[in-house]
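Note that these values count all heavy atoms, side chains included, but never hydrogens, waters or copies made by symmetry.
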Amino acid sequence: MPTKLRPEQPDDDNPIWTKEEFANSVTFDQLPESLRAMLSSRKRGPQKAPTKKLISIRLSQDVVHEFRATGPGWQSRVDSILKDWLKKKAKRTA
């Protein structure tokens with residue numbers, strides 16, 4: 001599980017802004033049109049090797065609550081448990 005970020009120790013890639021940086025900042029709609037167009041047109045490319053499929057599934061509230069309570073990555077843990085179940089099922093039928 002990834003280490004939790006501590007706000008008192010910002011990382012080098014995301015330093016805390018100074019008052020001067022805040023004063024010089026602008027909102028997205030204040031950027032030049034050419035820059036807004038470039039930033040808006042950026043899309044995530046296709047996965048090189050898609051490993052998962054986006055679906056919709058209905059789960060009971062208690063199941064979702066318990067898994068979400070385990071923190072980030074809970075959907076991957078559900079996936080892992082279902083994979084284990086499939087492996088066990090395959091062994092029983094073989």
Side-chain angles (χ1 to χ4, degrees):
M1 189 177 290
T3 309
K4 290 190 177 186
L5 297 178
R6 294 189 291 186
E8 69 276 7
Q9 294 181 345
D11 62 66
D12 294 334
D13 292 332
N14 297 298
I16 295 175
W17 281 28
T18 64
K19 288 181 182 182
E20 183 180 339
E21 288 171 319
F22 269 111
N24 291 328
S25 65
V26 296
T27 61
F28 183 78
D29 59 334
Q30 293 172 317
L31 293 173
E33 178 61 36
S34 59
L35 182 56
R36 282 188 292 172
M38 185 206 48
L39 292 173
S40 296
S41 67
R42 291 179 141 183
K43 303 264 190 271
R44 180 178 174 192
Q47 294 180 3
K48 292 180 181 160
T51 59
K52 295 184 178 180
K53 182 169 179 74
L54 178 63
I55 64 161
S56 176
I57 183 173
R58 293 186 182 274
L59 300 171
S60 62
Q61 290 181 11
D62 55 335
V63 170
V64 174
H65 176 75
E66 290 296 322
F67 274 99
R68 280 190 174 161
T70 64
W74 69 271
Q75 291 174 327
S76 294
R77 285 188 287 283
V78 170
D79 183 61
S80 177
I81 289 168
L82 291 172
K83 284 181 186 177
D84 289 344
W85 180 83
L86 287 173
K87 287 178 189 174
K88 290 176 185 174
K89 181 181 176 222
K91 286 180 184 178
R92 285 191 306 249
T93 58

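Under a 4.5 Å side-chain heavy-atom cut-off, the cluster of Ile, Leu, Val, Met, Phe, Trp and Tyr residues that includes W17 is completed by F22.
A 4.5 Å side-chain heavy-atom check between F28 and L39 finds at least one atom pair inside the cut-off.
Remark: E20 CD is loosely packed, at most 12 non-hydrogen atoms of other residues, nucleotides or ligands lying under 6.0 Å away. Heavy atoms of other residues, nucleotides or ligands lying less than 6.0 angstrom from CD of Q61 number 12 at most.
Criterion: ILVMFWY side-chain heavy atoms under 4.5 Å apart, direct or through other members. Under it, I57 and L54 are not part of a common hydrophobic cluster. In terms of hydrophobic clustering, with Ile, Leu, Val, Met, Phe, Trp and Tyr side chains grouped at heavy-atom distances under 4.5 Å, I81 and L86 are assigned to different clusters.
Shortest non-hydrogen contact noted between R36 and L31 is NE-O, 3.2 Å. D79 approaches K52 most closely through the heavy-atom pair OD2-CE, 4.2 Å.
T70 contributes atom OG1, which lies 10.5 Å from atom CD of Q75 (distance to the nearest 0.5 angstrom).
Counting only residues at least two apart or on different chains, no side-chain hydrogen bond (donor to acceptor under 3.5 Å, both in side chains) pair has a member in residues 84-94.
Side-chain atoms of S40 never come within 3.5 Å of backbone atoms of A37 as a donor-acceptor pair (strictly under, hydrogens ignored).
Contacts of R68 classified as salt bridge (Lys or Arg N to Asp or Glu O under 4.0 Å), with partners at least two apart in sequence or in another chain: none.
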